[in-house]
Student: 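A single structure is presented below for examination.
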Amino acid sequence: MIEQGYNFGYLDENTKRMIRRALLKAVALPGYQVPFGSREMPLPYGWGTGGIQLTASVIGPDDTLKVIDQGADDTTNAVSIRRFFHRVTGVATTERTAEATIIQTRHRVPEATLGEHQILVYQVPMPEPLFRLEPRVAETRRMHALADYGLMHVKLYEDIARHGAVTTSYNYPVMVNQRYLMSPSPIPAFDNPKLDRMPALQLFGAGREKRLYAVPPYTPVRSLDFEDHPFVPVRADAACVICGSRASYLDELIVDDGGTRHFVCSDTDYCASRPPLQEDAA
Amino acid sequence: MTALMTARGLELRFGAISALDDVALEIHPGEVVAIVGESGSGKTTLLRVLAGMMPPEAGQVLYRGEDVHAMGEAARRRLMRSDWGFVHQNPRDGLRLRVSAGGNVGERLMAAGARHYGNIRTEAAEWLQRVEIDPARMDDMPEKFSGGMQQRLQIARTLVTRPKLVFMDEPTGGLDVSVQARLLDLIRALVAELGLAVLIVTHDIAAARLLAHRMLVMRHGQVVEQGLTDRVLDDPQHPYTQLLVSSVLAA
Ligand SMILES: Nc1ncnc2c1ncn2[C@@H]1O[C@H](COP(=O)(O)OP(=O)(O)OP(=O)(O)O)[C@@H](O)[C@H]1O
Ligand SMILES: [Mg+2]
């Protein structure tokens, strides 16, 4: 049941149409940031208003929605967005990655391989991958227009010169379809390879910055690197204490006053769908 | 020999001031041309118009036969990255101060597509050595360098991709006299070694004599005299050039 007084998906039809037009442009130009008329949402910026507007524009009555925050379905942020959509669309929600047709996410890509029937919607705080290097917006636009990305490599060069390796472990910049430099949003670099040629449609929404962008299915997405310092998706060298996985991305927990550390899967659905406590054969 | 760059009929006004008044010039491969003239005579404006950084109100700039101001920004930027270099008077305008010396030199290589960290570093170290900066300082920030070192770093950063044409706007401007002399020697050696064409703006007649094959004398936006450097300095024709040369001799 949709709550009385709301249009389906909360946004009015004109706004949804405007956002869909922007999304079509984004799909046609993979990785290119398309401006859109971001609306006020009943949540503060930083709570995923960009992602929510995209989800609201693509969701239909037959969809099944999953919302994750840092991989978990049960955080305040994920729960309130899921409830919000249930109230304003009446669609089914799920915590199972495989059952969802739309997955809205903050800071993670699910461990399970996504399919063509699914859409992954990322919440993006800062869509411009060059903003720390070049504060002038007009100049970053020019750099994108001319594919002039030497400066981004200078940043990687400086990391290696100073620390022996690229130190960026979140929001690691990628080249989309060999054309546009793109911020994958603050996902761990570990997740970057999942973006490459993903069968699902990937949509990115930044509410405060009023930009959206997309990676259509099966689009090449490459993490920037050097030939002699190839990109490495880092992961803690440990097993999940719940399911024993040595393949998934782990969160670190301090479990007692002595500082004992445990690692658990960040993707709670992945973890729950595995047989418990079966340590992978070494 | 065909000209590398040809400009004709350049006009540019700032309000009532005519910064460029019917300026024409040619520069050939491997040739060093000095532009001298009093402050405000239009030297920097001319360099910026020639390098495509500012459009003229009239006239044309051709680089290898192509109109620099008609070619579109993408093509112009490509030229800036590959064929041209620009050395600013103030090294702070030409350097990234929060990027290491090695990163500053490597930037143009990376912009040109270099993707091998080890090779970029080797080449940056070689260039630091060539401009007499100890490669051990490669990972230092240019902010810690003296003015002369910063200027040498800017030159290394500009020349690393071996441009064909380099614009220099008073490259020795803000430096001590002894440092200036050393930098001029270095520029002269590099220019000869690499066979660069250089258009250098200078206040310094002695520097022009040392470096330039030809020189242009500017006043009020006009080129009042041009010719081989020795001819212009030893036998100046225009009264303004005569004044300029005699004031240097008197000093
Ligand atoms: N952006 C601008 N706006 C207005 N006037 C300008 C601008 N740039 C230059 N001018 C004027 O145009 C004239 C030529 O300036 P330009 O900087 O080219 O001289 P210059 O020969 O390089 O002088 P200097 O030796 O002091 O560097 C000067 O009168 C200057 O004040
Ligand atoms: Mg000047």
Side-chain angles (χ1 to χ4, degrees), chain A residues 29 31-32 129-168 172-182 189 192 196 220-232, chain B residues 52-53 71-82 84-85 93-125 127-128 133 135-144 153-154 156-158 160-161 163:
Chain A
L29 293 169
Y32 174 79
L130 295 161
F131 95 107
R132 276 186 202 287
L133 304 172
E134 177 52 72
R136 292 167 297 176
V137 175
E139 182 61 20
T140 58
R141 258 181 231 155
R142 200 170 295 133
M143 289 160 90
H144 286 297
L146 303 173
D148 187 358
Y149 297 133
L151 192 54
M152 195 75 235
H153 269 95
V154 172
K155 201 265 171 202
L156 301 187
Y157 169 96
E158 292 288 290
D159 268 5
I160 300 171
R162 231 172 289 165
H163 311 286
V166 177
T167 50
T168 309
Y172 191 107
V174 294
M175 277 299 283
V176 178
N177 210 22
Q178 297 166 334
R179 176 57 185 86
Y180 284 106
L181 183 72
M182 187 186 92
N192 275 19
D196 184 35
V221 175
R222 212 185 124 72
S223 303
L224 291 197
D225 62 1
F226 289 102
E227 289 156 24
D228 49 341
H229 284 263
F231 171 79
V232 186
Chain B
M53 295 154 88
M71 66 176 51
E73 202 186 349
R76 199 158 49 237
R77 280 219 172 187
R78 215 169 299 129
L79 275 184
M80 291 229 192
R81 285 200 305 231
S82 58
W84 300 349
D93 294 334
L95 292 176
R96 293 194 188 278
L97 294 173
R98 292 209 238 148
V99 166
S100 68
N104 266 283
V105 180
E107 179 172 359
R108 264 175 81 109
L109 293 171
M110 291 182 250
R115 294 292 178 263
H116 190 286
Y117 175 82
N119 293 350
I120 293 165
R121 250 177 116 68
T122 307
E123 201 156 351
W127 269 95
L128 290 178
I133 295 173
R137 304 208 55 186
M138 169 162 204
D139 295 328
D140 289 355
M141 296 295 146
E143 270 170 326
K144 293 192 207 150
L153 180 62
Q154 191 191 183
R157 164 182 162 87
T158 307
V160 65
T161 48

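Chain identifiers are assigned alphabetically (A, B, ...) following the order of the sequence lines, protein sequences preceding nucleic acid strands; residue numbering begins at 1 within each chain.
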Student: Please round to the nearest 0.5 Å and tell me the distance separating atom CZ of B/Arg77 and atom CG of A/Leu146.
Tutor: 5.5 Å
Student: Measure the shortest side-chain to side-chain distance between B/Met110 and A/Tyr157 over non-hydrogen atoms and say whether it is less than 4.5 angstrom.
Tutor: yes
Student: So B/Arg96 and A/Leu151, side-chain contact (heavy atoms from CB on, under 4.5 Å) or not? Walk me through it.
Tutor: CA-CA 10 Å; B/Arg96 293 194 188 278; A/Leu151 192 54; 3.3 Å; yes
Student: For A/His153, which atoms come within 4.5 Å of any heavy atom of chain B: side chain, backbone, both, or neither?
Tutor: both
Student: Ion pair present between B/Arg115 and A/Asp225, side-chain N to carboxylate O less than 4.0 angstrom?
Tutor: no
Student: Just how far is it from atom CD1 of A/Ile160 to atom OH of B/Tyr117, taken to the nearest 0.5 Å?
Tutor: 6.0 Å
Student: Sort out for me which of B/Asn119, B/Val99, B/Asn104, B/Ile120 touches chain A most, counting heavy-atom pairs under 4.5 Å.
Tutor: B/Val99
Student: Which heavy atom in B/Asp139 sits nearest to a heavy atom in A/Ala161, and how many Å separate them?
Tutor: OD1-CB, 3.7 Å
Student: Taking every heavy-atom pair that is under 4.5 Å apart, which of B/Ser100, B/Ala111, B/Ala74, B/Gly106 has the most such pairs with chain A?
Tutor: B/Ser100
Student: What residues of residues 134-145 of chain A sit under 4.5 Å from chain B when you count only heavy atoms?
Tutor: A/Glu139, A/Arg142
Student: Where does B/Leu109 contact chain A at under 4.5 Å (heavy atoms): side chain, backbone, both or neither?
Tutor: neither
Student: Looking at residues at least two apart in the chain, or sitting in another chain, which of them share a side-chain contact (heavy atoms from CB on, under 4.5 Å) with A/Met175?
Tutor: A/Tyr149, A/Leu181, A/Leu224
Student: Under 4.5 Å heavy-atom distance to chain A, tell me which part of B/Arg78 shows up: side chain, backbone, both or neither.
Tutor: neither
Student: Locate the shortest heavy-atom distance separating A/Glu158 from B/Gly103; write the atom from each residue and the value.
Tutor: OE2-CA, 3.5 Å
Student: Can you tell me if CZ on A/Arg179 sees more than 12 non-hydrogen neighbours from other groups inside 6.0 Å?
Tutor: yes
